[in-house]
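Everything below concerns the one structure shown next.
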Amino acid sequence: MARHDVATTPEHGEGPAGMTHRQVLEALSGLLLGMFVAILASTVVSTSLPRIIGDLGGGESAYTWVVTSTLLATTVSTPVWGKLADLFNRKLLIQLSLVIFVLGSALAGFSQNPGTLITFRVVQGLGAGGLTALSQIILADIISPRERGRYGGYFGAVMAVGTVGGPLFGGLLTDSLGWRWNFFVGVPFAVAAIILLQLTLKLRTMPKRTVSIDYLGIAFIAGGVSLLLIWVTLAGKNFDWVSPTSFIMVIGAVVLLVATVFIEVRAKEPILPMTLFRNRTFTMAVIGSMAVGIAMFGATVYLAQYMQLARGATPTQSGLLTIPMIGGLLIASTVGGMLVTRTGKWKPIMLTGSIALVVGLALMGTIEYDTPYIVVAVYMFITGAGVGSVMQNLVLVVQNTTEPQNIGAASAGVAFFRSLGGALGVSVLGTVLGNRVVTLLGDKHAELGNAIAALGAKGAAVAKELGSGSIPAVSKLPDGVRQIIESAYGQAVANVFLIAAPIAILLVLAIIFMPNKPLTTKTVAERSTDSGPLAGSAEDVAGIGTVTGSIAAVGDPRTTSGVGTRRDG
């Protein structure tokens with residue numbers, strides 16, 4: 001363990017406690033723009049990925065890895081950023097994560113092959129991990145759990161503009177200027193966000209203290225999770241699921257992750273404190289977050305392929321066609337947040353949303369390439385509403401029941417397991433999708449061969465493209481061949497949703513078993529000044545003596561929060 005003396009620069013202005021509505025909005029402005037940058041940079045390429053991979057000469061494996069690499073880096077880095085937020089200046093950290101994120105995005109625009117694109121997407125993911133963790137942590141510094149829904153509309157609006165506008169904007173850029181501009185477009189927004197954060201975000205001063213960075217924990221978490229995800233991604237393609245290579249990788253991942261538990265138990269400042277799992281709310285949220293990650297990332301990431309490869313849409317059209325899902329997410333998250341603030345009851349809303357997610361995914365599992373779009377739109381809306389009702393509230397209930405000195409680690413822990421579920425989902429379901437397409441096309445081999453033969457001289461070029469292993473430009477294929485390819489991709493994507501539906505049932509069960517604790521009206525900054533070992537958390541956590549004992553080694557537990565001490569004067 002390396003030890004460092006940390007002294008952050010005081011941030012001007014009074015602390016978050018007692019802030020007026022206007023002051024809260026000013027503080028949120030830079031945070032909202034930072035979130036917009038993250039959403040825009042990730043969604044702007046979503047509808048263009050099939051064309052990007054095709055232009056770079058990649059196949060289904062490359063498509064999966066371009067998504068998985070970002071999720072992998074985000075997953076591994078999220079708990080690290082979260083713990084750093086408990087130890088260092090949160091404002092500086094979120095600005096740093098923005099710089100890393102946009103640097104990776106800009107470099108990705110210069111990619112010449114799938115390998116370099118995947119590498120720069122890793123850099124992008126490292127920054128995304130910081131934005132994912134820190135935005136939620138800083139939000140808890142400023143707004144209490146009970147009042148969070150009051151500001152849900154602002155976050156919903158940013159999410160809607162970034163999520164709906166991103167694919168549309170990305171499609172227009174791809175069709176007009178070229179796909180590389182998808183990666184360049186976020187740079188000016190990121191610069192503006194960094195400046196705005198510096199001017200408007202005013203957090204409490206963090207006192208100088210000695211902290212311990214858990215480098216060993218970082219290394220083992222990164223190694224174990226990375227090895228597990230790499231195995232899931234490559235198994236079934238590069239080697240068999242049951243093979244010596246699989247055996248070595250799985251055993252290696254298990255050994256590293258088990259060792260991580262022992263390291264984290266003994267560490268003075270663990271990246272992911274094991275005592276958090278004694279909090280039933282946190283444990284259930286972890287299970288639910290993994291299910292949401294698999295459902296949200298693992299299934300919906302392939303919607304662009306369905307729209308473009310099963311329905312023949314262009315990137316721009318693909319963005320338009322997915323609006324119902326985003327609309328469901330926006331409406332559910334905004335209305336649900338308002339109801340939580342008004343009633344103080346979160347469990348009925350989350351339970352309803354989790355059931356809607358299961359139903360939506362099951363319905364999406366019935367679609368075909370020629371299913372009427374209005375039917376698909378209704379199914380997407382239900383799925384989006386389910387995600388919107390649950391995803392942010394999982395973080396909310398965890399922050400409500402966690403002691404302030406661990407709020408960063410707990411918030412990042414939920415995001416970590418959501419990203420882990422997403423990365424596993426993308427990898428496994430991507431393998432299922434690829435194998436299913438091959439099987440379906442094999443079943444239609446004779447029909448496809450006859451359609452190609454009927455093209456005469458052009459048939460050889462079509463056969464070469466289909467046999468290259470790359471994702472085909474379906475919209476440019478002749479009608480006879482096109483319909484066969486669209487049918488195969490339509491059925492394969494439906495199978496992906498059908499697999500995700502029963503996994504989402506775990507989310508329903510997790511919410512059912514969560515303690516129905518009332519939401520506190522205090523921010524993390526205010527709770528950190530309360531007396532008692534939990535410093536104002538809403539739920540008792542077993543083994544708190546272990547937590548406070550380790551915290552005592554580096555300072556008074558009431559001053560270890562990233563927002564520092566309260567200034568009553």
Candidate pair Met364 and Ile382, rule side-chain contact (heavy atoms from CB on, under 4.5 Å), full reasoning
CA-CA 10 Å; Met364 288 294 291; Ile382 295 172; over 6 Å; no
Which atom names give the shortest non-hydrogen contact between [X] and [Y], and what distance separates them?
X	Y	answer
Tyr489	Leu309	CE2-CD1, 3.5 Å
Ser389	Gly353	CB-CA, 3.6 Å
Leu98	Ala193	CD1-CB, 3.8 Å
Trp81	Leu134	CE3-CD1, 3.9 Å
Leu440	Ala488	CD1-O, 3.2 Å
Ile100	Gly127	CG2-N, 3.7 Å

State, yes or no, whether a side-chain contact exists between [X] and [Y] at a heavy-atom distance under 4.5 Å.
X	Y	answer
Leu329	Phe381	no
Thr366	Tyr379	yes
Leu117	Val66	yes
Val76	Ser226	yes
Ile326	Ile323	no
Val496	Arg436	no
Val225	Phe416	yes
Gln112	Leu56	no

Point-to-point distance, once rounded to the nearest 0.5 Å, from [atom1] of [X] to [atom2] of [Y]:
X	Y	atom1	atom2	result
Glu368	Ser487	CD	OG	6.5 Å
Leu84	Leu96	CG	CG	9.5 Å
Leu257	Leu227	CG	CG	8.5 Å
Phe417	Ile287	CZ	CD1	10.0 Å
Leu131	Gln95	CG	CD	11.5 Å
Met391	Leu396	CE	CG	13.0 Å

With side chain to side chain contact (heavy atoms under 4.5 Å, CB included) as the test, pick out the partner of Ile294 among Ile503, Ile499, Leu361, Leu420.
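Single pass found, and it is Ile503.
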Would Asn113 and Thr116 count as a side-chain contact (heavy atoms from CB on, under 4.5 Å) if you check the C-alpha gap in whole Å, the side-chain angles of each, and the deciding distance to 0.1 Å?
CA-CA 6 Å; Asn113 54 62; Thr116 54; 3.4 Å; yes
Just by modelled atom types, is the [Y] backbone N or O under 3.5 Å from a matching donor or acceptor in the [X] side chain?
X	Y	result
Ser333	Leu330	yes
Arg180	Gly109	yes
Ser97	Ile94	yes
Arg90	Ala85	yes

Verify side-chain contact (heavy atoms from CB on, under 4.5 Å) between Met380 and Leu303, making sure each step is shown before the conclusion.
CA-CA 10 Å; Met380 286 192 293; Leu303 264 181; 4.0 Å; yes
Can you spot which of Phe183, Trp181, Phe184 makes a ring pair (Phe, Tyr, Trp, His ring centres under 6.0 Å) with Phe110?
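Answer after filtering Phe183, Trp181, Phe184: Phe184.
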For [X], what residues pass the side chain to side chain contact (heavy atoms under 4.5 Å, CB included) criterion, not counting sequence neighbours?
X	value
Trp231	Leu228, Ala235, Phe239, Trp241, Ser246, Met249, Val250
Leu498	none
Asp55	Arg51, Trp179

So Leu433 and Leu429, side-chain contact (heavy atoms from CB on, under 4.5 Å) or not? Walk me through it.
CA-CA 6 Å; Leu433 177 64; Leu429 297 180; over 6 Å; no
Would you kindly say whether Tyr369 and Arg311 are connected by a side-chain donor-acceptor distance under 3.5 Å?
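There is no such pair between these side chains.
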